[in-house]
Amino acid sequence: MIDHHCHGLVTRDLDRTGFEELLTEADTVSPLGTSLFDSSIGLAVRRWCAPVLDLPSYAPAEDYLARRAELGAAEVNRRLLRASGIDMFLVDDGFRAAELTTVDELGTLANARAERIIRLEAVAEQVLARTDATSFPDAFRAELAAQAPGAVGCKSIAAYRVGLELSGARPTDNEVRLAVPGQRRVAHPVLHRFLIWTGIDLGLPVQFHVGYGDRDIDLHRADPLLLTDLLRATEPAGVPILLLHNYPFQRNAAYLAQVFSHVFVDVGLATHNVGARAGAVLAELLELAPFGKVLFSSDAFGLAECYHLGSLLFRRALAEFLHAADVPATDAQRIGELLAGGNAERVYRLHQSTWAEAPNQSCHPS
Amino acid sequence: MIDHHCHGLVTRDLDRTGFEELLTEADTVSPLGTSLFDSSIGLAVRRWCAPVLDLPSYAPAEDYLARRAELGAAEVNRRLLRASGIDMFLVDDGFRAAELTTVDELGTLANARAERIIRLEAVAEQVLARTDATSFPDAFRAELAAQAPGAVGCKSIAAYRVGLELSGARPTDNEVRLAVPGQRRVAHPVLHRFLIWTGIDLGLPVQFHVGYGDRDIDLHRADPLLLTDLLRATEPAGVPILLLHNYPFQRNAAYLAQVFSHVFVDVGLATHNVGARAGAVLAELLELAPFGKVLFSSDAFGLAECYHLGSLLFRRALAEFLHAADVPATDAQRIGELLAGGNAERVYRLHQSTWAEAPNQSCHPS
Amino acid sequence: MIDHHCHGLVTRDLDRTGFEELLTEADTVSPLGTSLFDSSIGLAVRRWCAPVLDLPSYAPAEDYLARRAELGAAEVNRRLLRASGIDMFLVDDGFRAAELTTVDELGTLANARAERIIRLEAVAEQVLARTDATSFPDAFRAELAAQAPGAVGCKSIAAYRVGLELSGARPTDNEVRLAVPGQRRVAHPVLHRFLIWTGIDLGLPVQFHVGYGDRDIDLHRADPLLLTDLLRATEPAGVPILLLHNYPFQRNAAYLAQVFSHVFVDVGLATHNVGARAGAVLAELLELAPFGKVLFSSDAFGLAECYHLGSLLFRRALAEFLHAADVPATDAQRIGELLAGGNAERVYRLHQSTWAEAPNQSCHPS
């Protein structure tokens with residue numbers, strides 16, 4: 001399986017609070033609520049991850065955390081990563097990088113190939129820190145071009161900064177210069193559009209954070225339909241646009257994947273957060289999204305549990321969907337291969353690999 | 001069954017590309033994706049239409065297309081139309097008419113009654129082509145009044161042109177004159193409102209395209225809730241308003257059907273596109289929509305497969321819903337008759353028929 | 001069970017029209033539709049309430065109404081209320097109070113504890129009737145402080161008056177004075193924000209009407225995500241915010257409950273209206289909402305059937321959800337107790353009771 005969007009792992013040991021704070025998109029455990037193990041993802045951890053740590057399914061949370069501490073983070077990460085069955089990770093390394101494993105470290109831990117996805121805003125903010133508004137357009141283009149050969153795609157977090165209602169117009173360099181802020185944080189529609197178009201010009205597939213995320217997002221401004229104008233404008237370039245997460249707007253995203261030739265979708269992050277409901281969520285995506293346009297991602301961040309759950313719940317969800325449609329086994333297998341890795345391989349051109357170290361290794365699930 | 005919203009058929013033979021281009025709302029088969037048979041609707045065609053062409057269920061796409069070519073479009077259309085069990089078609093003949101069968105041709109092919117739905121914008125554009133702004137209001141009223149006796153309703157595609165956020169105010173003739181564009185294409189909120197009110201004044205049930213459609217639509221501007229003001233304003237007239245398709249906003253549409261006495265809803269187009277998920281979609285509609293307010297439509301366009309799938313998947317979906325609620329057989333039958341045709345018959349007054357050729361024939365499913 | 005949001009009962013006998021007008025959020029039975037018994041809630045009444053009135057499940061509507069009349073409203077109300085298994089009612093008594101039982105009358109009828117929720121706008125409108133703009137801020141604060149000891153929370157109906165897109169800024173008294181309308185009806189964002197902040201300052205949990213309601217609401221302005229700014233601004237106060245109903249935006253509400261520490265959610269009103277689909281709706285809420293943040297409410301209004309259905313369908317829905325996730329029995333029971341009453345007890349501090357008459361009685365379901 002190819003996980004086309006994920007982050008690094010936390011390698012330190014975690015106490016209960018540390019674990020729960022990484023479990024969902026909540027920053028903290030609410031003093032007004034109860035343990036975050038009381039949630040769909042909490043149930044899923046106990047059900048599916050406990051056996052990987054030699055505990056019975058649905059072991060109590062305390063037992064799970066005690067066993068986790070006993071094995072140590074390194075062993076836990078190793079077991080859960082390998083249980084995930086993921087053969088290749090495309091890693092966004094531009095967020096809270098200091099706390100997480102690097103791209104290469106993740107690949108080594110999982111004994112799998114790992115490739116980099118460039119977070120556009122992180123690069124822009126690095127460039128802004130060393131240049132002025134006048135030079136910024138050229139400097140950013142040069143920097144992204146320099147980094148591109150070491151990556152398989154790029155990613156925009158415009159959803160977090162200004163929302164997704166972005167015009168399709170390609171900004172001029174002068175417009176970009178006028179939009180460069182006094183400070184380093186990129187949060188201006190013109191700048192996000194500039195970053196995106198620069199990625200497209202380099203032929204880099206562009207991922208978008210869409211929908212569900214932490215409390216910094218205005219979720220109603222992160223509906224993928226708000227990208228409609230930009231999708232119309234970028235389609236002629238023929239560069240893939242990948243809408244990540246999408247929950248709870250997965251039906252909207254699926255519509256876009258059907259009608260725009262360059263749009264691809266996933267339901268990462270939601271898949272493991274909704275636990276036993278992953279089948280319901282993926283099925284909504286597959287109502288309209290052509291199967292050649294749907295990818296697998298975990299959007300795991302920090303906890304190795306999220307890779308294992310993301311992968312396991314995705315496979316179960318897909319099997320449920322195909323079973324409900326009474327799909328013959330040969331078709332089911334073929335469709336499964338598309339979603340689990342074939343589509344990612346084709347879209348990111350992973351055979352034309354930047355993975356110079358092992359160019360002949362198959363990146364396709366066996 | 002009464003199909004209260006559909007289009008004509010393509011009668012020419014279709015190659016694979018031609019077939020796939022008509023299969024979903026995508027204009028073309030994406031070079032970045034895979035065959036559009038890899039989709040929920042593609043699976044549904046293979047599962048349910050193949051047997052109508054004497055193939056096993058889930059015959060491969062190539063076999064399906066080969067058999068389709070072998071039988072020829074005329075025979076394929078005849079078989080699938082009759083397999084649909086549709087007794088009456090209400091046909092919107094105002095879109096890409098040159099490529100499709102006429103209202104009467106469709107009725108003849110299906111050996112069924114077929115009635116016309118007038119596409120308001122198509123009439124307005126014909127009138128605009130021959131008149132000036134000053135005369136337009138009177139000329140349009142006269143033209144629609146002239147065409148009304150040959151139709152059972154009218155339809156607005158405001159969703160495609162300006163979105164559904166339409167005020168409820170009835171425009172004055174002077175406002176209409178000011179809104180008449182220099183060119184023939186109607187895309188101004190005042191004009192759409194004028195067309196709609198003219199239909200209401202004639203007592204013609206007014207259909208609205210809502211939600212899912214091809215890439216020309218801004219789907220977030222096609223949420224039926226945006227019609228709330230217009231629905232409040234038009235309710236006193238007592239003329240039915242029919243919200244078509246609605247996907248993925250079917251729950252929103254159902255709410256409107258519950259609280260506004262003149263609002264009716266369907267999930268046509270989505271029903272066949274989502275394939276095995278039709279039950280999930282219809283069930284969402286039936287959460288709030290009173291059963292006396294829900295109609296069947298296929299929104300078939302071009303491919304005879306869409307009539308058969310629309311009808312079959314609708315019936316299966318409804319049966320699933322009633323079974324899940326443990327509804328007794330007599331109630332299930334009565335509710336089925338309402339949705340399949342009874343509601344359409346009442347709303348469009350199909351017994352007070354314009355079907356002069358066969359006024360005594362029952363239009364109710366036997 | 002603790003019903004944390006409901007209204008009083010109609011105690012008069014009801015004819016068929018009177019019954020149907022209270023059954024859904026429609027004001028009247030449409031002359032264009034059919035009986036409102038033809039609906040998901042109509043089926044649920046026949047299926048689940050008929051046996052409480054000694055009729056077979058799915059007795060015809062006429063038989064149900066005849067038996068209802070025969071027993072008389074008092075006996076019907078008594079039976080259905082007690083069948084509901086609700087031990088405590090938190091009652092919004094600020095809407096159509098003259099037609100309904102009071103808080104105390106409801107408690108007596110049900111042989112259960114009943115506590116008051118203050119409708120903020122009702123209090124504001126009483127104050128506005130006797131004061132001028134200059135005095136209003138102080139007068140409202142004093143009045144709410146005077147009423148607070150007799151209540152366990154307050155409620156905002158901003159959704160009905162101006163929609164939920166409310167800024168998080170706490171208005172100054174001068175801003176409030178400028179916003180006081182010439183008439184008594186509160187419908188100004190500044191005023192709603194002032195009422196809400198006044199409730200928070202008193203430490204009163206604040207309920208919000210969100211989503212589904214009668215036709216006076218603009219449903220697209222009642223999406224809970226529109227409250228995002230206000231939720232960010234109010235979180236530091238640590239006072240619970242309770243998002244009521246939420247349908248069809250339950251996934252959006254669940255997201256807010258996950259990422260904001262002070263946000264709680266329910267799917268009241270929808271639960272009984274959607275009948276056999278209650279499981280589907282609750283499951284969507286439980287995808288992201290931590291189980292310590294989800295409450296039970298019926299939002300029953302007028303008909304005793306709604307308490308019984310609200311309670312029964314909620315319990316069935318939760319059981320379905322837990323069964324689908326294969327949750328062990330001990331966990332299922334514990335989670336059930338949280339949602340059915342434990343969360344409400346904690347959030348509204350119902351043990352630190354204002355229920356002076358019987359301070360030792362348990363408010364927890366046995």
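All heavy atoms count here, side chains included; hydrogens, waters and symmetry mates do not. In what follows, every chain begins at residue 1, and chains take the letters A, B, ... in the order their sequences are listed.
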Where does Glu235(C) contact chain A at under 4.5 Å (heavy atoms): side chain, backbone, both or neither? side chain
Value rounded to 0.5 Å, distance of OH in Tyr255(C) from NE2 in His220(A): 10.5 Å
Segment of Leu32(A) engaging chain C (4.5 angstrom heavy-atom cut-off): both
Between Gln258(C) and Thr24(A), is there a donor-acceptor pair closer than 3.5 Å when you use the side chain of the first and the backbone of the second? no
Let's test your reading of the structure: which of Ala278(A), Ala26(A), Ser57(A) forms the most heavy-atom pairs below 4.5 Å with chain C? Ala26(A)
Work out which heavy atom in Tyr58(A) is nearest to a heavy atom in Val327(C); give both atom names and the distance. OH-CG2, 3.6 Å
For Phe291(C) versus Ser40(A), what's the shortest heavy-atom pair and its separation? CZ-N, 3.5 Å
Say whether, by atom type as modelled, one donor and one acceptor occur between the side chain of Ser30(A) and the main chain of Ser261(C) under 3.5 angstrom. yes
Between Asp214(A) and chain C, which part of the residue has a heavy atom less than 4.5 Å away: side chain, backbone, both or neither? backbone
Structural part of Ile217(A) lying under 4.5 Å from a heavy atom of chain C: both
Residues Gly213(A) and Val259(C): closest non-hydrogen pair is O-CG1, 4.1 Å
Is Ala325(C) close to chain A through its backbone or its side chain, or both, or neither, when contacts mean heavy atoms under 4.5 Å? both
Distance-only, no hydrogens or angles: does the Arg277(A) side chain make a donor-acceptor pair with backbone N or O of Leu286(C) under 3.5 Å? no
With chain C, the option among Gly275(A), Ser39(A), Ala276(A) that has the most non-hydrogen atom pairs under 4.5 Å is Ser39(A)
In terms of heavy-atom pairs under 4.5 Å, which option from Ala289(C), Gly238(C), Ala283(C), Pro290(C) contacts chain A the most? Ala283(C)
With distance as the sole criterion, is a donor-acceptor pair present between the side chains of Tyr247(A) and Glu287(C) under 3.5 Å? yes
Using non-hydrogen atoms and a 4.5 Å limit, figure out which bit of Arg232(C) sits close to chain A: side chain, backbone, both or neither. both
To the nearest 0.5 Å, what is the distance between CD on Glu284(A) and CZ on Arg251(C)? 4.0 Å
Which of Leu219(A), Asp223(A), Asp218(A) passes side-chain contact (heavy atoms from CB on, under 4.5 Å) with Leu225(C)? Answer is Leu219(A)
Under a 4.5 Å cutoff for heavy-atom pairs, which residue among Val294(C), Thr228(C), Asp326(C), Asn343(C) has the most contacts with chain A? Asp326(C)
For the pair Arg46(A) and Asp331(C), find out whether any cationic side-chain nitrogen is under 4.0 Å from an anionic carboxylate oxygen. yes
